[in-house]
Amino acid sequence: MIKFIPEPRLLESPRGRHWPRPPAPAQPPRDPVPPTTADVVIVGAGPAGLAVASALWHHGVTDLVVLDREGRSCGRFFDRIDRLDQRVLRSPYEHHPGVEGFRDCELLDFARLHWGRLTPVERREIRMAQAGHRSVVPVDVFHAYTDHLAVTHHVRDKLWGASVTGVRPDGDGVAVHTTRSTVRARHVVLCLGEERRTAPERWWGGGPPPAAVSYWDEPPPGPVERQIVVGAGLTAAHLLAAALDGGREVHWVLREAREHYQCADVNSTFFRPEGRKRFDGVGWSERLDLTAEFRRASVMFEFRPLLERAEAEGRLVVHRGEAVKEVSTGITGTAVVQLESGRRVDADHAVLALGTIPSIGTGLLPAGLVGARDGWPDLDEATLSYRQAPAVSVVGAAAGMVLGPAARNIDGHRVATTRVAAAVAARLRGAALDLRVTADV
Ligand SMILES: Cc1cc2nc3c(=O)[nH]c(=O)nc-3n(C[C@H](O)[C@H](O)[C@H](O)COP(=O)(O)OP(=O)(O)OC[C@H]3O[C@@H](n4cnc5c(N)ncnc54)[C@H](O)[C@@H]3O)c2cc1C
């Protein structure tokens with residue numbers, strides 16, 4: 001048996017390299033407000049929204065409006081990655097938002113086209129991917145690839161910065177309300193991603209964190225000598241690595257009895273058809289159980305030597321099997337984390353990495369249409385549209401109870417996109433056909 005040997009140097013890809021961009025077609029100056037009508041509105045331009053828009057382009061659906069709070073393709077995704085100083089993706093080369101089933105450039109092809117820009121370590125990872133092994137993708141390559149997709153599938157021309165406040169299906173289609181205007185669409189795809197999980201109210205009484213405490217996606221603190229990181233996943237690992245790199249004394253609080261190292265955050269079978277089939281073939285409660293069992297907080301193998309060495313050298317103190325009871329600010333302005341065991345850890349700063357929660361459309365669609373159950377929406381399994389609102393569908397984490405734990409990863413967005421883009425294109429064609437029949441009569 002080949003033993004997998006993690007190499008921390010795989011985590012060190014450079015960030016911010018220059019990549020040649022495909023020339024964007026010249027566009028006439030554009031109205032800052034999106035058009036008032038469109039065949040399809042996509043809410044959210046992250047990897048999922050980009051995948052859907054690119055696939056729809058291949059299906060010939062070009063009357064499209066993409067709305068995103070950040071106003072940039074994959075803006076929140078890369079902001080989060082950069083906040084953690086993350087240099088490589090966790091997902092391998094075959095997981096990407098490019099289009100399946102049409103002639104298109106895949107992430108691996110794209111990386112090979114830019115061979116000369118890559119380090120020897122990065123080139124070796126490409127060879128690993130070509131040989132069918134797990135591979136590590138530099139964030140730079142992925143970023144340039146998403147730009148490439150956005151330009152070549154005309155997604156940039158269709159993207160407007162706007163915060164969507166309401167999605168209201170009616171007899172003729174769907175009204176999408178933003179803080180600036182309303183767009184009427186025949187179909188809407190929600191690609192909302194996930195929001196950070198906030199701390200339980202009992203930790204400090206709810207609301208923003210106490211002084212000297214922040215969440216992982218908030219601006220980092222000023223100079224810190226001693227830092228606490230709470231959480232057991234990859235986000236926590238990136239925070240730990242950055243803190244250790246900055247020469248801090250670090251305390252890692254994790255509720256689990258021990259840290260869990262794994263290639264992906266989902267058991268890899270769920271990225272394959274047989275894994276999805278396993279999820280498909282069972283009832284609701286079994287799906288909940290499978291999700292809980294197989295999508296658990298874990299850290300990429302490459303971190304293991306790095307964190308174990310730091311612990312052995314006393315630079316990292318790991319508080320295993322310790323649940324947090326309370327978080328507060330000490331008299332001297334330090335962060336104080338009180339543990340259920342009675343132990344207390346204090347430091348200049350504590351950062352909380354408690355995971356994320358899928359955005360399922362609650363707050364945008366009327367609650368009755370979302371049909372939320374256990375935090376998941378009520379979706380048609382074939383089309384991923386809301387059963388109570390067939391003109392609105394989802395791609396991304398919200399499809400987790402249909403597609404399985406991998407729905408929350410880039411590969412799951414690809415599977416959802418294939419299904420949704422085909423269904424939306426067919427639906428639009430069907431509607432056009434109906435109109436023609438009516439006109440003939
Ligand atoms: C730090 C980090 C690293 C990750 N690395 C990987 C990885 O390597 N591989 C992997 O497979 N997965 C990874 N993930 C999981 C990852 O989040 C998803 O795979 C991917 O970002 C999800 O894409 P998305 O488009 O669904 O969501 P997002 O990237 O979050 O995009 C959703 C977009 O919708 C916008 N939006 C939401 N609500 C509204 C609204 N009401 N109005 C307007 N716009 C709105 C948001 O602002 C956002 O821009 C990572 C997650 C994090 C946090």
Side-chain angles (χ1 to χ4, degrees), residues 11 13 34 41-54 65-97 107 135-139 141-143 146 155 159-167 176-180 183 188-197 215-217 231 233-239 263-266 268 270-271 295 300 353-365 394-400 403 405-417:
L11 302 168
S13 272
V41 168
I42 297 174
V43 184
L50 177 60
V52 177
S54 304
V65 166
V66 184
L67 301 171
D68 190 287
R69 247 187 232 133
E70 323 287 323
R72 289 171 291 141
S73 133
C74 300
R76 177 162 79 175
F77 181 68
F78 291 115
D79 284 352
R80 284 174 164 177
I81 277 190
D82 286 341
R83 181 130 291 160
L84 298 172
D85 197 21
Q86 191 175 329
R87 308 302 183 88
V88 295
L89 292 197
R90 186 173 203 177
S91 45
Y93 269 102
E94 63 268 32
H95 296 186
H96 62 77
L107 179 59
S135 54
V136 174
V137 181
V139 170
V141 171
F142 192 79
H143 199 159
T146 58
V155 182
L159 172 60
W160 275 267
S163 201
V164 173
T165 52
V167 175
V176 180
H177 303 291
T178 79
T179 40
R180 305 163 74 195
V183 189
V188 173
V189 187
L190 299 183
C191 303
L192 307 173
E194 307 197 34
E195 296 300 322
R196 72 165 175 237
R197 188 186 290 277
Y215 286 107
W216 61 275
D217 56 349
L234 187 60
T235 299
H238 280 292
L239 292 164
C263 291
D265 50 355
V266 176
S268 61
F270 289 105
F271 292 119
R295 197 179 193 289
M300 273 168 91
L354 310 175
T356 50
I357 298 185
S359 301
I360 61 167
T362 316
L364 296 183
L365 280 163
V394 303
V395 169
L403 297 177
R408 298 170 74 173
N409 293 68
I410 289 161
D411 188 61
H413 311 339
R414 181 186 56 78
V415 176
T417 293

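Both counts, for ligands and for their atoms, begin at 1 and track the order of listing. Not measured: the values here are computed from a predicted model.
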Donor-acceptor pair, side chain of Ser135 and main chain of Tyr93, under 3.5 angstrom: yes

Closest contact, heavy atoms only, Ser359 versus Glu195: OG-CG, 3.7 Å

Shortest protein contact, atom 8 (O) of ligand 1 (heavy atom only): Arg90 N, 2.8 Å

Full working for side-chain contact (heavy atoms from CB on, under 4.5 Å) between Val266 and Arg295: CA-CA 5 Å; Val266 176; Arg295 197 179 193 289; 4.1 Å; yes

Heavy-atom gap Cys191 to ligand 1 smaller than 4.0 Å: yes

Atom 21 (O) of ligand 1: nearest protein contact (heavy atom, Å): Phe77 CD1, 3.0 Å

Polar contact flag for Ser163 and ligand 1 (N/O pairs, less than 3.5 Å): no

Subset of ligand 1 atoms that lie under 4.0 Å from at least one heavy atom of Gly193: 26 (O), 27 (O), 30 (O), 32 (C)

Ala48 N/O under 3.5 Å from ligand 1 N/O: yes

Short N or O distance, Pro47 and ligand 1, threshold 3.5 Å exclusive: yes

Ligand-residue contact atoms, ligand 1 with Leu84, heavy atoms, under 4.0 Å: 1 (C)

Close N or O approach (Val164, ligand 1; < 3.5 Å): yes

N or O contact, Trp216 vs ligand 1, cut-off under 3.5 Å: no

Glu70 near ligand 1 by a heavy-atom separation under 4.0 Å: yes

Under 3.5 Å donor-acceptor, Arg90 side chain and Cys263 backbone: yes

Minimum-distance protein heavy atom relative to atom 7 (C) of ligand 1: Ser91 OG, 3.6 Å

Per-atom contacts, ligand 1 versus Ile410 - under 4.0 Å to a heavy atom: 9 (N), 10 (C), 11 (O), 19 (O)

Protein heavy atom at shortest distance from atom 33 (C) of ligand 1: Asp68 OD2, 3.4 Å

Residue-ligand contact Arg83/ligand 1, heavy atom below 4.0 Å: no

Proximity flag Thr235 to ligand 1, non-hydrogen atoms under 4.0 Å: no

Arg83 side-chain N/O to Asp217 backbone N/O, donor-acceptor pair under 3.5 Å: yes

Shortest non-hydrogen separation from Leu50 to Ser54 and the atoms involved: O-OG, 2.8 Å

Smallest separation among heavy atoms of Asn409 and Asp265, with atom names: ND2-OD1, 2.8 Å

Ser91 to Ile410 - nearest heavy-atom pair and separation: OG-CD1, 4.0 Å

Atom 38 (N) of ligand 1: the protein heavy-atom neighbour that sits closest, reported with distance to 0.1 Å: Arg69 NH2, 3.4 Å

Working for salt bridge (charged side-chain N to carboxylate O under 4.0 Å, His left out), residues Arg414 and Asp411: CA-CA 5 Å; Arg414 181 186 56 78; Asp411 188 61; 2.8 Å; yes

Considering all heavy atoms, the nearest Pro47-His413 contact: CB-CD2, 4.3 Å

Part of His413 within contact of ligand 1 (heavy atoms, under 4.0 Å): side chain

Parallel, tilted or perpendicular: rings of His143 and Phe78 (30°, 60°): parallel

Spacing of Thr146 atom OG1 and His96 atom NE2 [to the nearest 0.5 Å]: 12.5 Å

Exercise: identify the closest heavy-atom pair between Asp68 and Glu70: OD1-N, 2.6 Å

Contacting atoms of ligand 1, where contact means under 4.0 angstrom from a heavy atom of Gln86: 1 (C), 3 (C)

Glu194: partners by side-chain hydrogen bond (donor to acceptor under 3.5 Å, both in side chains), with sequence neighbours left out: Thr356, Arg408

Under 4.0 Å to a heavy atom of Arg408 - the qualifying atoms of ligand 1, by number: 15 (C), 18 (C), 19 (O)

The single option from Val176, Val188, Ile42 passing side-chain contact (heavy atoms from CB on, under 4.5 Å) against Leu67: Val176

Region of Cys74 that comes within reach of ligand 1 [heavy atoms, distance under 4.0 Å]: neither

Closest protein heavy atom (residue, atom, distance) for atom 31 (O) of ligand 1: Gly46 CA, 3.4 Å

N/O separation below 3.5 Å, Gly44 to ligand 1: no

Sub-3.5 Å N/O-N/O distance, Glu194 and ligand 1: no

Proximity flag Ala162 to ligand 1, non-hydrogen atoms under 4.0 Å: yes

Within-cutoff protein neighbour (heavy atom, under 4.0 Å) for atom 10 (C) of ligand 1: yes

Under-4.0 Å heavy-atom contact between protein and atom 51 (C) of ligand 1: no

Beyond-backbone contact of Arg72 with Asp79, side-chain heavy atoms, under 4.5 angstrom: yes

Atom 37 (C) of ligand 1 [closest protein heavy-atom partner, distance rounded to 0.1 Å]: Leu192 O, 3.5 Å

Ligand 1-proximal atoms of Leu234, by part, heavy-atom distance under 4.0 Å: neither

Derivation and outcome, side-chain contact (heavy atoms from CB on, under 4.5 Å), residues Leu89 and Val139: CA-CA 6 Å; Leu89 292 197; Val139 170; 4.1 Å; yes

